[in-house]
Amino acid sequence: MARELPKVYEPQQVEARIYNMWQEGGYFHAEKDESKKPFTIVMPPPNVTGQLHMGHAMDATLQDTLIRFKRMQGYNALWVPGVDHAGIATQIKVEEELRVKEGLSRYDLGREKFLERVWDWKHKYGNRIVEQQKKLGASCDWDRARFTMDEGCSKAVREVFVSLYEKGLIYKGSRIINWCPNCVTALSDAEVEYVDKPGHLWHIRYPLADGTGEVVVATTRPETMLGDTGVCVNPNDERYKDIVGKKVILPLVNKEIPVVADDYAEMEFGTGCVKMTPAHDPNDFEVGLRHNLEVIRVLDDNGKVNELGGKYFGLDRYDARKQIVKDLEDGGYLVKIEDHAHNVGTCYRCHKDVEPIISAQWFVKMQPLAEEAIRSVNDGETKFVPERFTKNYMNWMNNIRDWCISRQLWWGHQIPVWYCEDCGHMTCSREDPTVCEKCGSSHIERDPDVLDTWFSSALWPFETLGWPDKSEDLDYFYPTDVLVTGYDIITFWVSRMIVSGLEHTKKAPFHTVLIHGLVRDNQGRKMSKSLGNGIDPLEMIDKYGCDALRMNMVTGNSPGNDMRFYVERCEAMRNFANKLWNASRYVMMNLTEDAKNELPAMDKLEIADKWVLSKLNTLIAEVTENLEKYELGVAVQKIYDFIWDTYCDWYIELTKARLYSEDADRKQTAIQVLVYVLDQVLRLLHPFMPFITEEIWQSLPHEGEALIVAKWPEFREKLAFKAEESHMESVMDAIRAIRARRTEMNVPPSKKAALYVLTAKPQIFAEGEGFLQRLAYADAVTLLDKEPENLDGMVNITTADAKLYIPMGQLVDVAKELARITKELESAKKFLEGLENKLSNEKFVSRAPEAVVNAEREKAQKTRDLIASLEQSLEAMKKMA
RNA sequence: GGAGGCAUAGCUCAGCUGGUUAGAGCGCAUGCUUCACACGCAUGAGGUCACAGGUUCGAGUCCUGUUGUCUCCACCA
């Protein structure tokens, strides 16, 4: 039954239809089923404001490939999707829209109305990224899609906050925190990016109060001097020994401040004398604590000088800097200005300079939590793939700092703490209180801040499965199996999930963390909006198909390493899809009406069939092993090679003689093996290229509803035909060698020639006669039992198992042939020499494994035979010349 | 300052626990309207596996150092 199929595979005609078929079939959905083992992945939730980018494509491809593999292996595979509320990003987006469209700020609307707007926005656009993920072929259980601010997640967050609070692991404290005056919120340490920027070192004279002299301090931020409450020198610094304990006069402010001695001051840096601004520098703050220095905050939340800044009140920090420098100069206090490059913290969202500011914030005490997280990874309960990222993780955990979790935003989980206006007590509870739990006053007010977005994402693996309620899903699917993400958020997210999982569920949330690298542009730069070098995955899907994009993501790449994105590789993978399509088209064209997908009887199999089945068998074993070890790139390369090289370039060609012959029985055998191997290989490829494989599989004779739930192939002992495999390879060697000679001599394929074969394995070449005729342009094939007597006009080819003679008449250039054979002989001799050296090495023979030694011996023998044969040929040629 | 990655063909990269004469894609060259496919077929050119030592019977693979390059963490007033 011939089928009409387009010559070129058109993914656009296929993908949406297949995806719907899967969804309607319910194949993505997983329910608790005690008869099966679960395999669970939770998806790193993309930002609700997000647009699909290559990072998502990478993430989703790896996860989907694993999930599909496990599903086919018979696991109850669950991939939980979801979206993150992304505090700052979303709030900024909605505020921006409000400003542009209505000229309003969030303060104009007020908290409640503003939040309504954000929810509106979420309902309107929140699904966009989900729809985009579907285009990637993601087989997530969409019925279980979650949002980090939905009811269940909110409940989990509340439970975690209160329970940590009750354990004393959450506290409110004054600290120098990273403040973004542009986003008007605190940032955690991880949200600050340090950038090298050119700057200056201003040397400023601070006169001693008793008029006996002066000290010179050096600073990179002169504007902070308004908040100076001391000057620090090193206790061992002879230069300043006498002034410790004295007072200096702070210029411009005209205030007396003390000189203190502390190890923090480095004698070698600058003048060895440091001004102390405890409210605006973390180190100064620490020194201040040790020496009881006053803390005076002089910048407000917007980065402007506040009322304590005297005449500079209201100036922006950078304007204030200019003014202060000018005033210092005018007052004769400025000694000099040096150029000085330094690292400036910038906001990871808006990239404006971060201002260290003293502020009351909420913190999680990490030390006690980190201990368990360290132990768990050390004990191997959680493994990183590749392993080296364990170091990253440990490095961070061992130097853990308390986590600043409050954010001065409106969009997010509001901190569940109420302050009593009467007694000042803080009430923190699972239910919203109406009165102060201490004094009973009803004058209580809720903390306006919200929690860091990562606070809720840290709970993702268990909150999505029903925690804190005791749910069956949680029992069954949790702990999850593999977490797939980029190395850039190991500390942000992975570490905190491990901490939270261990603390709240007493279990590590996953046993494996599969880390991938970043997708860069073709020059190795990060893809970013500002550079405009991003490549839209959806555009690639439109152009080359989803399968091609997915293949691009997993080929030529190993875990944890960055990859450059080359459109050319999408093209190559599109070509591969097309190759598979056409091979399948060929198979289908030759299918008979009653064709079934089952192997023919063993005694009907011919050498080519056994060869391909045996190769397939090996492929199955290797690919399965590679996938179990998360070596997706290696696995897919093997499948690619098998399909293109083994199946298309060789096996299909080897079957053609039978398919076009009149022998119905042999034809039937060939077609059945063709279908069987294709079916098996489609299964292996399905996790990587789900659409085209499903589309083809559906058109082949098959049992079962869909490839997505078909059984993963298994190694079959009875299909391992080692002998036939090598026999076939002998013939293939001959074919390749003949082609090469003919090409070298510019013989057109249309010109057939007789072929004489001298071999110790005549039966193999007798069996291969048809292949030699068809693929090596042979006319008649004659088996010889001795060297032909007349070598006139004969091309003479030596392979490992045969000597081949082709009468080419005048086309033979004897001199050229002589040169060629001489060259081959030389290289063979050289090779043999190496082998013999090795074999005569006493130590090699005694210490190397026997199998290795034997293999080398065999190799040497083969090479000797080859050399003998080549020498014969050479002699014969010489006679002719 | 601390930690880590990378360095293999013109380009982009594979190469798992050390063991064939080191591979792929793209690019390049030559030939081919061969009855699935020119998004194709065949053949070929192209590599001192950064450098220097070491371990080993044996090193692209393991160890040490050097150079170049990238990243992460900490942070210098």
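Residue numbering restarts at 1 for every chain, and letters A, B, ... go by the order of the sequence lines.
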Exercise. So, for A:F688 and A:I639, which heavy atoms are closest and what is the spacing to 0.1 Å?
Worked result: CE1-CD1, 3.9 Å
Choosing from [options], which nucleotide comes nearest the side chain of [X]?
| X | options | result |
| --- | --- | --- |
| A:K579 | B:G5, B:G2, B:C41 | B:C41 |
| A:N578 | B:A36, B:A77, B:C39 | B:C39 |
| A:A265 | B:A77, B:U43, B:U20 | B:A77 |
| A:A583 | B:A77, B:G4, B:A36 | B:A36 |
| A:P849 | B:A74, B:G19, B:G2 | B:G19 |
| A:R739 | B:G19, B:A42, B:G40 | B:A42 |
| A:R774 | B:C35, B:A77, B:C72 | B:C35 |
| A:K859 | B:U20, B:C35, B:G15 | B:U20 |
| A:R736 | B:C16, B:U43, B:C37 | B:U43 |
| A:S558 | B:G19, B:A14, B:A36 | B:A14 |

Determine, for [X] against [Y], whether the closest basic-nitrogen to carboxylate-oxygen distance falls under 4.0 angstrom.
| X | Y | answer |
| --- | --- | --- |
| A:K383 | A:E387 | no |
| A:D733 | A:R736 | yes |
| A:E826 | A:K829 | no |

[atom1] gap between [N] and [M], integer Å:
| N | M | atom1 | answer |
| --- | --- | --- | --- |
| B:G23 | B:G46 | P | 14 Å |
| B:G18 | B:G58 | P | 15 Å |
| B:C72 | B:G60 | P | 33 Å |
| B:A24 | B:G15 | C1' | 10 Å |
| B:G47 | B:C13 | C1' | 14 Å |
| B:U34 | B:G40 | P | 16 Å |
| B:U33 | B:A45 | P | 24 Å |
| B:U56 | B:A50 | C1' | 23 Å |

Problem set entry | Qualifying residue for side-chain hydrogen bond (donor to acceptor under 3.5 Å, both in side chains) with A:Q861, from A:E858, A:R864, A:K859 |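 Exactly one pass, corresponding to A:R864.
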Watson-Crick or G-U wobble partner of [N], both distances under 3.5 Å:
| N | answer |
| --- | --- |
| B:C11 | B:G25 |
| B:G58 | none |
| B:G40 | B:C32 |

Problem set entry | Close approaches to RNA chain B from residues 636-646 of chain A, in residue order (heavy atom, under 4.0 Å) | A:Q637, A:Y640, A:W644
For this session: Remember a base hit wins even if backbone is also touched, and classify A:C232 as base, sugar-phosphate or nothing at under 4.0 Å, heavy atoms.
Result: nothing
For this session: Quick one: label A:K656 by what it contacts on the DNA or RNA (base, sugar-phosphate, nothing), any heavy atom closer than 4.0 Å.
Result: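 Here A:K656 touches the bases of the nucleic acid.
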If you go through the side-chain atoms of [X], does one of them form a donor-acceptor pair with the base of [N] closer than 3.5 Å?
| X | N | value |
| --- | --- | --- |
| A:K7 | B:C37 | no |
| A:E653 | B:A36 | yes |
| A:R574 | B:C39 | yes |

Exercise. NZ of A:K638: more than 12 outside heavy atoms within 6.0 angstrom?
Worked result: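 Enclosed: over 12 neighbouring heavy atoms sit under 6.0 Å from NZ of A:K638.
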Exercise. Between A:N522 and B:U12, is there a side-chain N or O to OP1/OP2 distance below 4.0 Å?
Worked result: no
For this session: Check whether any side-chain nitrogen or oxygen of A:R564 sits under 4.0 Å from OP1 or OP2 of B:C13, and answer yes or no.
Result: yes
Exercise. Rounded to whole angstrom units, what separation is found between the CG atom of A:N561 and the C1' atom of B:A7?
Worked result: 12 Å
